[in-house]
Amino acid sequence: MPLSRSISLTRFLIEEQRAHQHINADLRLLIEVVARACKTIAIAVGKGDLGGLLGEAGSGNVQGEAQQKLDVLSNEILLEANAWGGHLAGCASEEMDDPHPIPDVYPKGNYLLLFDPLDGSSNIDVNISVGTIFSVLHCPDGVTQPRAEHYCQPGAMQVAAGYTVYGPSTVLVLTLGHGTHVFTLDRELGSFVLTRRDVQIPAQTREFAINMSNQRHWEEPTQRYIADLLAGKDGPRGKDFNMRWVASMVADVHRILTRGGVFIYPWDRKDASKPGKLRLMYEANPMAFLVEQAGGKATTGRDRILEVMPTALHQRVPVFLGSRDEVDEATRYHRDFDAAK
Ligand code: AHG
């Protein structure tokens, strides 16, 4: 049900802090700082061609991907916004090989922030939704200069996660471990306003999202699962499925949070050095946390994403997430295949 336009993100966080004590002043500040940075990114994205910010930056990231100018700018906006507040021990980003230390001139806090500053960047130049994804972890006790291994905690350890989608409206979706909540940017007021509390993803769906052009590179159980969806009413699933693929995970996941569906980026053998595409620490984990908090599920096709023990900051992971019953079904195809081997 749409809420009255009176609950700002600030008020929501203060009331959560009072009601549940699961957030403290530093975590509240962290979320507000990230939200403020996202507003700045939204302005830059919204300028489009007028801002001179479209196109490639002429550099590459640790994944070997060409960086767009807006990837680089969004990364700088998040780093600058989070440097001086005293709430972070460090941060890490898709766009940086190594974790970024908090400058010595500023006080340090107890949280680690990980982010994909601009997800879906192949969509920037064509004016399709892109977004920012973030994950918050505790810095291990006694660690003052966090290194990559200190960030490598399973997703179940996240204290908060969220994304902002820069679409026709700018929407921030947030979990602090007590439900998933949606805030819409009121552009006149310049503040995020709570518009959906405790989102629930429908358990069943007739819609899936996958990049079909990779089909020949998938493993057998993924091939079988998708073939059965495509067979529709005449196949073993006995119903027709629709397909959507935005190629911005934020936009695809936002659709699923709104009306259900299953989002899949499976393991594939397209490039042996990069099995699959999505990154565990700042894409799969925060999205899995948000989806689970909304009653959905998120697996690698075999295991719960939030229980994957990371071994590297930029590691990749297969992703199946969304409507609970459909993720169970997809996971069953992979587990049955393994069991029959
Ligand atoms: P990036 O972080 O480089 O912008 O990657 C986008 C991700 C994700 O948002 C999207 O679901 C997927 O890559 C799209 O992949 P394809 O190019 O295979 O469609």
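Indexing begins at 1, ligand by ligand and atom by atom, following the structure's order. Everything numeric in this text was worked out from a predicted model, so none of it was measured.
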M157, CE atom: more than 12 neighbouring heavy atoms under 6.0 Å: no
Work out whether the distance between some heavy atom of D252 and some atom of ligand 1 is less than 4.0 Å. no
What orientation do F263 and W245 show, parallel under 30°, tilted 30 to 60°, or perpendicular over 60°? parallel
Closest candidate by heavy atom, reference atom 14 (C) of ligand 1, pool A251, A247, G131: A247
Out of K277, E94, K270, Q67, the nearest non-hydrogen contact to atom 15 (O) of ligand 1 is supplied by K277
Ligand 1 atoms in contact with E283 (distance to a heavy atom under 4.0 Å): 2 (O)
Which residue and non-hydrogen atom of the protein lie closest to atom 18 (O) of ligand 1, and at what distance in Å? Y265 OH, 2.5 Å
Taking atom types as modelled, find out whether N285 and S135 have a side-chain donor-acceptor pair closer than 3.5 angstrom. no
Answer whether the closest heavy-atom distance between the side chains of I256 and I201 falls below 4.5 Å. yes
Given the options W267, Y225, F320, H334 meets ring-ring contact (aromatic ring centres under 6.0 Å, His included) only with F320
Please could you name the atoms of ligand 1 that M249 approaches to less than 4.0 Å, counting only its heavy atoms? 8 (C), 9 (O), 10 (C), 11 (O)
Against heavy atoms of F263, which atoms of ligand 1 measure under 4.0 Å? 11 (O)
Would you check the N or O atoms of N211, main chain and side chain alike, for any that come under 3.5 Å of an N or O of ligand 1? yes
When you look at Y333 and D228, which way does the side chain to side chain donor-acceptor pair (under 3.5 Å) test go after all the steps? CA-CA 11 Å; Y333 276 68; D228 287 352; 2.7 Å; yes
So is L278 touching ligand 1 or not, going by heavy atoms under 4.0 Å? yes
When you measure from the side chain of H181 to the backbone N and O of D198, does any donor-acceptor pair fall under 3.5 Å? yes
Below 3.5 angstrom, do we get any N/O pair linking S248 and ligand 1? no
Hey, is D116 touching ligand 1 through its side chain, its backbone, both or neither, going by heavy atoms under 4.0 Å? side chain
What about Y282 and F134, are their ring centers closer than 6.0 Å? no
Compute the shortest N/O to N/O distance between G120 and ligand 1 and return yes if it is under 3.5 Å, no if not. yes
